[in-house]
Amino acid sequence: MLAPTIPGPFLDLGIIVVATVAILWFLRVRGEWFVRVASLWLFTTDHKRIGIMYIALGIAFFFIGGIYATVIRTDLGFVQGLGLDPQTTLGIDPDTYSILFTMHGTLMIFMFVIPTLAGFGNYLVPSMIGAREMALPRINAIAFWMLPIAGVLLILSDANAGWTGYVPLSLQIDPTNPHGVDLWILGLHILSASSMLGAINFIVTITKHRAPGVHYWNMPLFVWATFINSILLLFALPSLSVALTMILSDRDFGTHLLAAANGTPLGGALLYQNMFWFFAHPEVYVMVLPAFGLISTILPKLARKDIFGYAAMVIALGVFAVLSFAVWEHHMFVTGVDTDVRFVFMLSTMAIAVPSAVKTFNWVATLWGGHIWMATPMWWCLGFITGFVIGGLSGLMLASIPIDYLYHATYFVVAHFHYILVGGTLFAIFGAIYFYYPIWTKRWYNQALSQVHFVLTYVGANLLLFPWFILGAEGMPRRVYTYLPTENFQFLNFLSSLGAAILGIGQLVFLYNMVWSYYGGEPVKTADPWGEPLPSTMSGPAPPRPAPPGRPTPTAPGTPLPSAASAGGPGSA
C-alpha cells in the first residue's frame, strides 16, 4: 500500500506559513536587537562594513559552490573510480552533470572570487589612500545588495549550459527547465551591473580622493591592483553583457543573432566565443590582480622588508592589463582560426609570462634576506607562490599551438585553470583573511587550527589538481560526466577525489576556527597585530618591537608608501 503524499502546492504553502510565523515570533522576541543590527549592517554605507559583508557573502558561496564540486568529484572519483555506475548510484546523468558543472563554475567565479576580492578592496582602499569613505557610498551599498539577489537567481536557475554558456547549447530550450538559462543570464546581468558600479566607484575614489602626499607612484600595490582591476572590468564587462543579451534575444524573441541564417550554428558559435573570451580572459586577471595586491601587502609586513622593485611591480600590473585583452583567441586555437592569427596570439600569450615572472621573482627577492615571521598568513603566501608558478608554467605550455591542439579539450586545461584560481587566488584570500582577522574582530584565531587548515588545504588542493595534468596528458576529456573505465583513469580520479575530501575537511576546520575565535579567541592587545615579533617568535601573536632607527618616512613622489600599513588602526572594524 502506498503512503499518502502531500500535494506540492500545499507543502509549499505550509513551509511559507511556518516560516512567516517563525519570523514574526523572532521579531516579537528580538525585534529591538534586530532593528539595531539592521541599522548597523543592512543599511550601512560604511566602506569597511560593506567590505566585510562582501567577504562574508563570498565565503558563504564558496561553501555552496564547493557542494556542487563535491558531488562532481564523488561521481568521477569515488563512484566511477570504484567501477560503479553514476546513473544508478547517484542519479547523475549527462543533464544533471551539466547543471552541477554550470553552477559550480558560475558560483565560484561570480559569487565567491570576485565579491570576496571586491570586499578587500572596499575595506582597504580608502584607508590606504587616506580617504574617509568611497567616493559613492550609497552606490557602493547598492552594488553589494545586488549580489544576494543575483546569487539566488543563479541557484534557482539550475542552468545546464556550462559556465561558459556556449551556443548552440545555451540556445536550446530544455523542456524540463525551459527558463533556466534565462534566469542564469538575468543573474549574470545583475552581477555585471554590480561589478560595473563597483569599478566606477573604485576608479573615482582612487583618482579623486587620495590624501595629500599620496601620489600614483607611492600608492600601495594593492591600491594599484584594484585600480587596474577596475579598468579591466569597465572594458571587459560590456562584451559579456552583449553576448548574453544575444542569447536571451535568440531564446525568447525569435531573433537569429547567434544562429546562422542557413540553419547551421557554426557562425554564431564562433561569434559568441569571441565575445565571451574577450571578456573572460581579462576576467581571469580580474580574479588574480587583487590577489597579487594582497600578497604584495602581506609579504613585506611579515618579511620585515619593503617590497622589492616597487616600480617594476606596478609596471607589471599595467602590462597584465594590456596583454589580457590581446590573448583571448588562444581559447579558440582548435576552431579553425587562420594560422597567422593563431601565431600572433601564441606570441602574446607567451609574452604575458614576463610580468608574471617579474612579480614572482620580486616576491622571492622580498623574502630574501628578510626577518621572516612564519605566521599563518606567510604560509598562505608561500603556498600562493608555488601554486601560481605551477599554474603559470602549465599556461605557458598551453600557449603553444601544437600542445594546445593535444590538450585543449582535456583535463590538462582544467588543472591549469584551477591551479591559478585555487593554488593562486584562493590561497591569497585565505592569507588575507588570516592577516586581517585580528584587525576586524580584535581577537586572534587559534594558531594550531589555522596551521591544520593550511596543511589540509595545501595537501588536498595539490592531490586534487595535479592528477588532472596526468589525466589530460593521457587524453581524459573535460566537461563529461563519465569516462572510459581504464585502470589509470579510475585510480587518478579516485586519488583526485580523495584530495577533494581532504580539501573539504580543511574548510570545515577553517569555518570552526573563525566562528569559535570570534567569541573565544585571545584578545589583540596591540594597535598593530602584526607588529614586528621578537626574534624567537615564529608563529602566533607576539609583542611589537620598534622599527629600526633612521628609517625614512616616504612622502615624496616616487617613494613607495609602506604597503602593509594597518587598515584603519584600532576600532577600524
Side-chain angles (χ1 to χ4, degrees), residues 61 64-65 67-69 71-72 75 91-115 146-196 236-261 263-280 283 331-332 335 409 414 417 478-481:
F61 274 94
I64 295 172
I67 293 173
Y68 287 99
V71 178
I72 291 173
D75 163 32
I92 294 181
D93 55 20
D95 290 335
T96 303
Y97 183 86
S98 185
I99 293 172
L100 296 171
F101 163 72
T102 303
M103 300 313 300
H104 166 67
T106 304
L107 294 179
M108 284 299 198
I109 291 173
F110 295 103
M111 291 303 301
F112 163 54
V113 174
I114 295 175
M146 295 170 78
L147 295 181
I149 299 172
V152 171
L153 288 175
L154 290 175
I155 292 175
L156 292 178
S157 72
D158 272 346
N160 64 350
W163 75 270
T164 57
Y166 277 171
V167 294
L169 179 59
S170 57
L171 295 178
Q172 297 176 1
I173 305 297
D174 183 356
T176 62
N177 185 20
H179 299 295
V181 174
D182 299 334
L183 280 177
W184 180 73
I185 292 174
L186 177 60
L188 290 179
H189 272 319
I190 295 173
L191 288 173
S192 297
S194 171
S195 294
M196 190 70 76
L237 279 172
S239 180
L240 174 68
S241 299
V242 171
L244 292 177
T245 302
M246 286 182 172
I247 293 178
L248 203 62
S249 179
D250 282 5
R251 285 175 57 87
D252 297 330
F253 304 113
T255 58
H256 292 274
L257 301 173
L258 294 174
T264 60
L266 180 58
L270 293 179
L271 173 60
Y272 177 81
Q273 285 190 42
N274 274 287
M275 298 180 70
F276 176 82
W277 287 114
F278 187 80
F279 151 79
E283 180 74 0
H331 295 276
M332 302 174 60
T335 60
V414 184
F417 182 64
R478 54 179 172 154
R479 298 173 179 165
V480 292
Y481 86 109

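Note that the numbering runs from 1 along the sequence shown for the chain.
Ile109 and Pro115 get closest at one heavy-atom pair: O-CD, 4.5 Å. Between Gly180 and Ala159, the shortest heavy-atom distance links the atoms O-CB, 4.0 Å. Scanning all heavy atoms of the two residues, the minimum distance from Thr96 to Gly91 falls at OG1-O, 3.9 Å. Nearest heavy atom pair, residue Ser195 against residue Leu237, reads CB-CD1, 3.6 Å. The heavy-atom pair separating Met275 from Ser239 by the smallest distance is O-OG, 2.6 Å. The shortest heavy-atom contact between Ser194 and Leu147 is OG-CD2, 3.7 Å.
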**Asked** Stepwise, does the side chain to side chain contact (heavy atoms under 4.5 Å, CB included) test hold for Ile155 with Leu107?
**Response** CA-CA 8 Å; Ile155 292 175; Leu107 294 179; 4.1 Å; yes
**Item:** Residues Ile99, Asn177; criterion side chain to side chain contact (heavy atoms under 4.5 Å, CB included); working and verdict
**Value:** CA-CA 11 Å; Ile99 293 172; Asn177 185 20; 5.7 Å; no
**Message:** As a quick check of understanding, evaluate side chain to side chain contact (heavy atoms under 4.5 Å, CB included) for Arg478 and Phe417, giving each step before the final call.
**Reply:** CA-CA 12 Å; Arg478 54 179 172 154; Phe417 182 64; over 6 Å; no
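Side-chain contact between Phe61 and Val113 is absent, with no heavy-atom pair separated by less than 4.5 Å. Contact check for Met111 versus Leu191: side-chain heavy atoms found under the 4.5 Å cut-off. Put simply, the side chain of His104 does not reach to within 4.5 Å of the side chain of Val71, judged on heavy atoms.
Using a 3.5 Å distance cut-off with no hydrogens or angles, the side chains of Thr102 and Trp184 do not pair a donor with an acceptor. Counted by atom type alone, Ser98 and Asp95 present zero donor-acceptor pairs between their side chains at under 3.5 Å.
Aromatic ring orientation, His331 versus Trp277: parallel (interplanar angle below 30°, classes split at 30° and 60°).
Every residue two or more places apart in sequence or in another chain was checked for a ring pair (Phe, Tyr, Trp, His ring centres under 6.0 Å) with Phe279, and none qualifies. Checked against side-chain contact (heavy atoms from CB on, under 4.5 Å), Ser241 has the following partners two or more places apart in sequence or in another chain: His189, Ser192. Every residue two or more places apart in sequence or in another chain that forms a side-chain contact (heavy atoms from CB on, under 4.5 Å) with Tyr97 is listed here: Ile72, Asp75, Leu76, Ile92, Phe101, Tyr411, Tyr481. By the ring pair (Phe, Tyr, Trp, His ring centres under 6.0 Å) test, Phe278 is found to be paired with Phe325, Trp328, residues two or more places apart in sequence or in another chain being considered. Judged as a salt bridge (charged side-chain N to carboxylate O under 4.0 Å, His left out), and not counting sequence neighbours, the contacts of Arg251 are Asp182.
The line from CE of Met103 to CD1 of Ile64 is 9.5 Å long, rounded to the nearest 0.5 Å. Note that the NE2 atom of His256 and the CG atom of Asp250 stand 7.5 Å from one another [nearest 0.5 Å]. The distance from the CD1 atom of Ile247 to the CD1 atom of Ile185 is 5.0 Å, given to the nearest 0.5 Å. Taking CD of Glu283 as the start and CZ of Phe110 as the end, the distance is 5.5 Å to the nearest 0.5 Å. Taking CG of Leu169 as the start and CG of Asn160 as the end, the distance is 6.0 Å to the nearest 0.5 Å. Atom OG1 of residue Thr245 and atom CG of residue Leu188 lie 11.0 Å apart, to the nearest 0.5 angstrom.
The salt bridge (Lys or Arg N to Asp or Glu O under 4.0 Å) analysis of residues 153-165, with sequence neighbours excluded, yields no pairs.
Of the possible polar contacts, none joining the Thr106 side chain to the Trp163 backbone as a donor-acceptor pair under 3.5 Å is found.
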